[in-house]
2 protein chains.
Amino acid sequence: MDTTPFIEYINKYVNLTSKEETLLLSKIVFRNYLKDQYIIQQGDVCKSVNFIISGCTKTFYMDLEGQEHIVMFSIEDWWTSDLGSFITQTPADFNVQCLENTKVAQFTFDNLEKLYAEIPKLERLFRMIVERAFAASQKRIIRSFSLTAKERYLIFREAYPKIDQRVPQYMIASYLGITKEFLSKIKSQLIYDQ
Amino acid sequence: MDTTPFIEYINKYVNLTSKEETLLLSKIVFRNYLKDQYIIQQGDVCKSVNFIISGCTKTFYMDLEGQEHIVMFSIEDWWTSDLGSFITQTPADFNVQCLENTKVAQFTFDNLEKLYAEIPKLERLFRMIVERAFAASQKRIIRSFSLTAKERYLIFREAYPKIDQRVPQYMIASYLGITKEFLSKIKSQLIYDQ
DNA sequence: AAATGATGTTAAACTAGATTAACATTTACT
DNA sequence: AGTAAATGTTAATCTAGTTTAACATCATTT
C-alpha cells in the first residue's frame, strides 16, 4: 500500500524525523475495506481512529425506530472514528460504514497511546485535528438551528461539492436532518428559482 | 485570586512539576468579569481560551434577524472560547457573555503557543479536553435530529441539573433550538403527565 | 432485453413547533 | 411599598417539514 499521502498529510502539521516516521508506520495498520463494510459498529467498543487514504464513509446513528441519522461523511485526507467511544473505550453510539471501497491508515487505541509516549509531537497533531473537527461541529449545530433546510442544503453543496456528487440524495437528506422527499421538493424549488 | 481549583483541574489530566506549575501560572491571566460582560464578541478575533473558576457563561450566535442561538452554557471547571476563531485567528462567529459574575483563567493565543513549546504536556491536556468537547458536540447533533424537543429537554435537565436551575427558561429554549413558548408548553405537559 | 432492487419524484393529508398577541408572575430598583 | 423591567404562560393561527403512498428512473444481474 502507498503510504505517501498519509505521511504527507502528517508532515503538514508536524515535522517527523525519519526515525519517527519509521516508528509511526510500524505502529499503523493499513487496511482495505470493501463497499458496505463497517469500520465501526454501534455497540462495539471503537478500537481505531482512521485516516482515509482513498474512498468514502458515512458515520451514522441508528435510532430506536430503526432510522438512520448521518452525522458526517468522510473522504480522502479526512479522519473517521467514534471519538467518544474511542477515548473512553465504551460502546460506540455510531456506525462507520464504507460507501465505496476504502483504504485507511488505522491507529488502534493501544498503539496510539504508545505512539503518544514515543512521539510527543503526535499529541500536537491530534490536538490540532480535533480542534478543527470540534469547531466545524459547533458551526453545524448553529446552522441546524438558525437556518432552514434549503439554506443548509445550499451550504452543504458549496462546502462539500465532492461529497455531494458521490453520495445518494437520501443520505444527504439524512445528513441535513430532513426526509428524502423534502430534499427532493427543495431541489425542484431550486430549479424553479433560477 | 485563588488559583487552586484551576491547578487541581490541570493535575487531573497531566502531572506538572512545581517549576512547570509556576511557569504556567505566570503565563495565565486571572480575570473577573461582571454579569452581562462579554468575554468574546462575534466579529472580533478570539484571543483567549478560558477556564471558568466560578460563575456561568452562555456562548451564542446572533443571526441576521437578530435572534440569539445558544450553543452552550459553561460553568465551574468547564472551558469556553470560540475555538474556530481562536485557532485560525479569524473573526469569531460566537459571543461568550457572562450570566453571573465570572472568574476565569485565561490563556491568550500567544501565551498558549509559548506554553505548548515550553510544557509539551499541555498539548496532551488540550488534546484530551477538546476530544471530550467534540464527542459531546457530535452527540448533541444526533439528539437534535433524532429526538423531539420534549425528549431533548428531559435529557438536558438530567445531564445539566446545575445549569437548568441557574439559567432562565428562555435561554434553555434557545439552547434546545425551540421557542420559549413551546418550552413552556412542554413543561405544562410534563406536569400533566405525572 | 427483462426483471429486480435501489434511488428519486410528486402530491395529499398531517403534525411538531413557530408566530403573534394578550396576560401573569417574579425580580430589582427607587 | 410601588413601579418598571424581565421572565414566564396560555391560546389561536400558521408553516416548515413529515408521512404515506403511488409512481418514475436508473443500475445490475441473468
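Chain naming here is simple, since letters A, B, ... match the order of the sequence lines and numbering starts at 1 in each.
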Strictly under 4.0 angstrom, non-hydrogen atoms only: write out the protein contact profile of nucleotides 14-30 of chain C, one letter per nucleotide from the 5' end, B, S or -. ---BSBBB---------
So does A:Lys121 have more than 12 non-hydrogen atoms from other groups sitting under 6.0 Å from NZ? yes
Rounded to the Å, how far apart are B:Tyr153 OH and D:dG8 P? 10 Å
Calculate the interatomic distance between A:Leu176 atom CG and D:dA16 atom P; express it in whole Å. 17 Å
Output the rounded distance in Å from CD (A:Gln169) to C1' (C:dA6). 14 Å
Measure CG/B:Leu99 against C1'/D:dT7 and give the value in whole Å, please. 14 Å
Could you state the atom-to-atom distance from CG of A:Asp63 to P of D:dT18 in whole Å? 13 Å
Ring centre gap for B:Phe134 and A:Trp79 strictly below 6.0 Å: no
What's the angle between the local helix axes at either end of the helix from C:dA1-D:dT30 to C:dT30-D:dA1, using five pairs per end and rounding to 10 degrees? 40°
Tell me whether the count of non-hydrogen atoms from other residues, nucleotides or ligands lying under 6.0 Å of CD in A:Gln89 goes above 12. yes
Gap between atoms CG and C1', on A:Leu183 and D:dA16 respectively (whole Å): 14 Å
dist A:Asp93:CG -> A:Asn95:CG (nearest 0.5 Å) comes out at 10.0 Å
Aromatic centroids of B:Phe156 and B:Tyr175 separated by under 6.0 Å: yes
Measure from NZ on A:Lys187 to C1' on C:dT10 and round the result to the nearest Å. 14 Å
Rounding to an integer number of Å, can you tell me how far A:Asp164 CG sits from C:dG8 C1'? 14 Å
CA sep, side-chain torsions, deciding dist, call: B:Glu113, A:Arg124, salt bridge (charged side-chain N to carboxylate O under 4.0 Å, His left out): CA-CA 11 Å; B:Glu113 280 304 318; A:Arg124 182 174 177 83; 3.4 Å; yes
Looking at A:Lys103, I want to see if its NZ is surrounded by more than 12 non-hydrogen atoms of other residues, nucleotides or ligands under 6.0 Å. no
B:Thr108/B:Asp110 under side-chain hydrogen bond (donor to acceptor under 3.5 Å, both in side chains): CA gap, chis, key distance, verdict: CA-CA 6 Å; B:Thr108 64; B:Asp110 294 337; 5.9 Å; no
Do B:Phe51 and B:Tyr9 have ring centres separated by under 6.0 Å? yes
